[in-house]
K.L.:
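Just passing along the structure, written as structure tokens.
For the numbers below, each heavy atom of this structure counts, side chains included, while hydrogens, waters and symmetry mates do not.
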Amino acid sequence: MDTYSILREIADSWVLLLMVCFFVGAGIWAFWPGQRGNRDSAALIPFRNDVADTKLSLDPKKEQRHGR
């Protein structure tokens with residue numbers, strides 16, 4: 001058997017099994033109840049800058065200091 005055939009046989013069986021196990025494990029880890037805080041925090045990432053900009057623009061003290 002040449003090297004390619006051996007590596008192909010390993011990839012078709014064991015590596016595929018390892019990738020499936022990794023995928024299932026990552027899914028279980030991501031949806032584990034203890035990860036809820038991390039999921040909620042990650043869900044708000046796109047809005048972090050918008051919230052910070054809104055707070056700055058709605059602050060009346062800052063608007064007076066800038067002469068607006």
K.L.:
Scan side-chain atoms only and decide if Ser41 and Asn38 contain a donor-acceptor pair under the 3.5 Å cut-off.
P.N.:
no
K.L.:
Would you say Val15 and Ile6 are hydrophobically clustered, going by side-chain heavy atoms of ILVMFWY under 4.5 Å?
P.N.:
yes
K.L.:
Which pairs count as salt bridge (charged side-chain N to carboxylate O under 4.0 Å, His left out) when at least one residue sits in residues 12-38, sequence neighbours excluded?
P.N.:
Arg8-Asp12, Arg36-Asp40
K.L.:
Does atom CD of Glu9 have more than 12 heavy-atom neighbours, drawn from other residues, nucleotides or ligands, at distances under 6.0 Å?
P.N.:
no
K.L.:
May I have all residue pairs that pass salt bridge (charged side-chain N to carboxylate O under 4.0 Å, His left out) and include part of residues 14-30, sequence neighbours excluded?
P.N.:
none
K.L.:
Look at the side-chain heavy atoms of Ile, Leu, Val, Met, Phe, Trp and Tyr, link any pair under 4.5 Å apart, and say whether Val24 and Trp32 land in one connected group.
P.N.:
yes
K.L.:
Side-chain heavy atoms nearer than 4.5 Å, only ILVMFWY residues, links allowed to pass through others: does that put Leu16 and Ile10 together?
P.N.:
yes
